[in-house]
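Single-structure report; data block below.
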Amino acid sequence: MRVLITGGSGFVGQRLCQQLIAQGHDVQVVSRTPHDVRGKLPKACDIRDSAQAFVDTPPDALVNLAGESIAAKRWSAEQKERLIRSRVESTQQLIALCEQLAANGQPLPKVMVSGSAMGYYGDQGSKVVDESTTPHDEFAHRLCAQWEAAAKPVETMGIRLAILRIGLVLEAGGGTLQKMLPPFKLGLGGRFGDGTQFMPWIHRDDLVAAIMFLINEPTLSGAFNGSAPHPVTNAEFTQALAKQLHRPAMFPVPAFVLKAGFGEMSQLLLTGADMRPARLSEAGFHFQYPTLKQALAAIL
């Protein structure tokens, strides 16, 4: 199978490329700077500067993971627009490729797995959240909703679309733990605010396996929550991380400090959703790391 990936040089994309190649698939990666990312990816990856550049070698599947980090900068009006544009434009590139293939009479991809995030649901307090939960209207929701809407046109072309709403990705060397580990290793970690906000999380290997599961299961379409079956609160997460590192977690960060430092972006740290992977579980997907304790033990 030939799989085209946007965001292939990212934290999740790199592992996905490795797994696909290990299983004998051909991997195509879209990057605006092919030369810069070549060292991050397996040599067998075909890296080009746009999705349309692959019109001569039509992919069998699309995986759409590209998008600027939502927590990289404070949310000014400009930055909000940049976050939306980075996701929507990469998705539109894939739509344009499919339209060009159709116009040329070439075979279309059979499936598109398109990224989204737990932010789709917004702040849900303590209620259990599945794929049918009504979202709370805030910027994170609107960002994800526009990202998901940009992928919808593939359905009118007969391409199966699976949307994956991804939780916090855990693994060494990147993702959520990259910023959390240094203070926790020094014994300076602690909860954010009152710590009651939920943190849906997933081990990177389980996320990659879920993407491949959605590619390979021809009956699965629509939205799927990409998170482990046992989400935890922020207080539980920080205690589990500190325990795994044999350090205390005695330095909570008050909500007013986060709001002063990050403005509206502090919502990412102070609110959350008890998000469960209902549809993945119903489809028979098996998590290698269903609990946080198992995931942290494997990583650390």
Side-chain angles (χ1 to χ4, degrees), residues 7 10-13 15-16 63-65 67 69-71 87 113-136 138 140-141 143-145 147-148 162-171 174-178 180 192 195-215 217 220-238 240-241 267-299:
F11 186 55
V12 176
R15 181 59 61 88
L16 177 61
V63 179
N64 183 33
L65 299 174
S69 170
I70 193 170
R87 287 157 174 77
V113 178
S114 195
S116 183
M118 62 186 190
Y120 175 86
Y121 299 105
D123 181 15
Q124 294 289 337
S126 60
K127 80 168 73 163
V128 174
V129 172
D130 64 19
E131 291 83 356
S132 65
T133 299
T134 301
H136 177 258
E138 57 188 73
H141 163 68
L143 170 67
C144 292
W147 194 6
E148 294 184 14
I163 300 285
L164 195 55
R165 294 169 180 161
I166 300 169
L168 301 170
V169 182
L170 304 185
E171 178 58 293
T176 300
L177 291 178
Q178 187 172 37
M180 293 187 73
F192 294 147
T196 60
Q197 65 276 29
F198 273 88
M199 294 176 64
W201 61 273
I202 187 168
H203 191 288
R204 181 172 63 166
D205 287 348
D206 277 335
L207 178 56
V208 167
I211 293 170
M212 295 172 72
F213 182 78
L214 291 172
I215 289 173
E217 293 294 327
L220 299 181
S221 61
F224 296 84
N225 290 339
S227 59
H230 300 288
V232 294
T233 65
N234 175 260
E236 291 168 334
F237 188 99
T238 54
L241 180 57
Q267 290 177 344
L268 295 178
L269 304 175
L270 295 171
T271 66
D274 184 359
M275 187 173 85
R276 311 293 179 96
R279 295 197 65 216
L280 275 177
S281 297
E282 288 166 7
F285 179 75
H286 171 73
F287 285 86
Q288 185 178 356
Y289 304 102
T291 69
L292 182 62
K293 182 178 179 180
Q294 289 170 304
L296 291 179
I299 294 166

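All values reported here derive from a predicted model rather than from experimental measurement.
Going from atom CG of L177 over to atom CZ of F11 covers 7.5 Å, rounded to the nearest 0.5 Å.
Counting heavy atoms from C-beta on, the side chains of L214 and F285 never come closer than 4.5 Å. Between V12 and V208 the shortest side-chain heavy-atom distance falls below 4.5 Å. Using a 4.5 Å cut-off on side-chain heavy atoms (C-beta onward), E138 and Q267 make contact. The shortest side-chain heavy-atom distance between N234 and L269 does not fall under the 4.5 Å cut-off. Annotation: side chain of W147 is not in contact with side chain of I163 (no heavy-atom distance under 4.5 Å). Using a 4.5 Å cut-off on side-chain heavy atoms (C-beta onward), W201 and T176 make no contact. For the pair R87 and N64, the minimum side-chain heavy-atom distance is 4.5 Å or more. Residues L292 and H230 form no side-chain contact, since every pair of their non-hydrogen atoms from C-beta on lies 4.5 Å or further apart.
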Residue pair E148, R165: steps toward the side chain to side chain contact (heavy atoms under 4.5 Å, CB included) verdict: CA-CA 9 Å; E148 294 184 14; R165 294 169 180 161; 2.8 Å; yes

Test side chain to side chain contact (heavy atoms under 4.5 Å, CB included) applied to V232 and K293, step by step: CA-CA 11 Å; V232 294; K293 182 178 179 180; over 6 Å; no

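Applying the salt bridge (Lys or Arg N to Asp or Glu O under 4.0 Å) test to R204 and every residue at least two apart in sequence or in another chain returns nothing. In this structure E236 satisfies the salt bridge (Lys or Arg N to Asp or Glu O under 4.0 Å) test with no other residue, sequence neighbours excluded.
Remark: the backbone N or O of Y289 is paired with a side-chain donor or acceptor of D206 at under 3.5 angstrom.
A perpendicular orientation is assigned to the rings of Y120 and H141, their planes being inclined by more than 60° (bins at 30° and 60°).
Taking both residues in full, the closest heavy atoms of M275 and P200 are given as CB-CG, 3.7 Å, listed atom of the first, atom of the second, then distance.
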Please tabulate, for side-chain N and O atoms in residues 122-132, each donor-acceptor pair with protein atoms closer than 3.5 Å (sequence neighbours left out).
unit_1 : atom_1 : unit_2 : atom_2 : d
D123   : OD1    : G125   : N      : 3.1
Q124   : OE1    : K127   : NZ     : 3.4
Q124   : NE2    : Y121   : O      : 2.7
Q124   : NE2    : T134   : O      : 3.1
D130   : OD1    : S132   : N      : 2.9
D130   : OD1    : S132   : OG     : 2.6
D130   : OD1    : T133   : N      : 3.4
E131   : OE1    : R279   : N      : 3.4
E131   : OE2    : N225   : N      : 2.9
E131   : OE2    : R279   : N      : 3.3

